[in-house]
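The structure appears right after this line, and notes come after that.
All values below come from the heavy atoms of this structure, side chains included, with hydrogens, waters and symmetry mates left out.
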Amino acid sequence: MVRTVYYASMSLDGFTADSAPGGESAKAENDRFRVAESPANAGAVVMGAGTYARLQRQVGEGGAGAWDCPPGPVWVYTHHEFPAVPGADIMFVRGPVGEFAADIADSANGSDVWLRGADLAGQYLHHGLLDELRLVVHPVLLGQGRPLLPLAAERPALLLSARRSADGSMRLCYGIGAAEEP
């Protein structure tokens, strides 16, 4: 079964690090705030225009090695025109997330679909398309920034695993829409 999974790194107060205010000092602080876990076995990757633009800048600055998506199809939801990253299998799409969810799942060839970006993950959650949420919760309070899931919807979540890391962060995995076992 193909699962749609959102991997995210967040502060104790629920903000993602990619949006912390400030200049270089905030960027340096956020370098230790990256998601330490990423799905090398993902069959497909889905992201929005903002995430793609950031990755494109990284590739421009650091070369092809800065492209951190696993091999396989990458789907980008956007209303903008972007050039493709050389050597990457990229499909640019426009429309509601539900319109392309089945095609994206099919393109994963039985492996997981990796969601990238808080806004897109919120849309998937809102439409009942998010299966799993994998969080790294860091022992820091940012006070402001982009919320973990900006467009959330009420959904039950079941804790599947929890693990403490040496740096004090917690790695949590939740099944979304999963019913509690009796």
Side-chain angles (χ1 to χ4, degrees), residues 1-22 25-48 50-51 54-55 58 65-72 74-75 97 101 104-105 108-182:
M1 179 181 124
V2 175
R3 297 172 309 158
T4 301
V5 182
Y6 178 44
Y7 289 75
S9 192
M10 64 180 252
S11 64
L12 287 173
D13 51 355
F15 297 112
T16 61
D18 62 343
S19 61
S25 61
K27 182 188 180 310
E29 176 69 15
N30 293 340
D31 283 344
R32 71 174 179 84
F33 206 82
R34 295 187 186 277
V35 176
E37 184 177 8
S38 62
N41 63 341
V45 177
V46 184
M47 66 183 73
T51 301
R54 181 180 47 79
L55 284 173
Q58 287 175 206
W67 179 252
D68 65 355
C69 292
V74 175
W75 297 72
V97 294
I104 292 168
N109 291 320
S111 295
D112 290 345
V113 172
W114 176 21
L115 290 179
R116 297 192 66 176
D119 290 337
L120 187 64
Q123 291 176 53
Y124 266 70
L125 177 66
H126 185 76
H127 291 285
L129 300 169
L130 181 63
D131 298 309
E132 198 170 287
L133 179 59
R134 292 183 168 261
L135 296 174
V136 179
V137 182
H138 294 273
V140 64
L141 297 167
L142 294 177
Q144 61 183 337
R146 180 182 300 258
L148 174 67
L149 292 166
L151 181 63
E154 186 176 329
R155 299 268 188 267
L158 177 65
L159 181 64
L160 302 175
S161 66
R163 182 171 53 90
R164 183 176 176 188
S165 296
D167 66 0
S169 65
M170 289 294 297
R171 283 164 169 58
L172 306 170
C173 178
Y174 288 93
I176 304 299
E180 297 249 5
E181 294 180 18

What's the separation between atom CG in Leu133 and atom OH in Tyr124, rounded to the nearest 0.5 Å?
15.0 Å
If we ignore hydrogens and angles and just use 3.5 Å, is the side chain of Arg116 paired with the main-chain N or O of Tyr7 as donor and acceptor?
no
Applying side-chain contact (heavy atoms from CB on, under 4.5 Å), can you list everything that pairs with Ser111, at least two apart in sequence or on another chain?
none
Apply side-chain contact (heavy atoms from CB on, under 4.5 Å) to Asp13 and list each qualifying residue two or more places apart in sequence or on a separate chain.
Ser11, Phe15, Leu141, Leu142
Atom CG of Leu149 and atom NE2 of His126: how far apart are they, to the nearest 0.5 Å?
12.5 Å
Under the salt bridge (Lys or Arg N to Asp or Glu O under 4.0 Å) rule, what pairs show up with a residue in residues 122-131, not counting sequence neighbours?
none
Nearest heavy-atom approach of Ala157 to Ile176 is CB-CD1, 4.1 Å
How many angstroms lie between atom CE of Met10 and atom CE of Met170, to the nearest 0.5 angstrom?
12.0 Å
Please find the pair of heavy atoms, one from Leu130 and one from Ala121, that lie closest to each other, and give the distance.
CD2-O, 4.4 Å
Please report the shortest heavy-atom distance between Thr51 and Gly117, naming the atom on each side.
OG1-CA, 3.7 Å
Determine the minimum heavy-atom distance between Val74 and Cys69, stating which atoms define it.
CG2-CB, 4.2 Å
Atom of Val113, atom of Ile104 and distance for their closest heavy-atom approach
CG1-CG2, 3.8 Å
List in chain and number order the residues that pass side chain to side chain donor-acceptor pair (under 3.5 Å) with Glu132, two or more places apart in sequence or in another chain; answer none if no residue qualifies.
Arg3, Arg134
Shortest non-hydrogen separation from Thr16 to Pro147 and the atoms involved
CG2-O, 4.2 Å
Looking at side-chain heavy atoms only, is the closest gap between Trp114 and Val5 below 4.5 Å?
no
Any residue meeting side-chain contact (heavy atoms from CB on, under 4.5 Å) with Ala105, in chain and number order, not counting sequence neighbours:
Val2
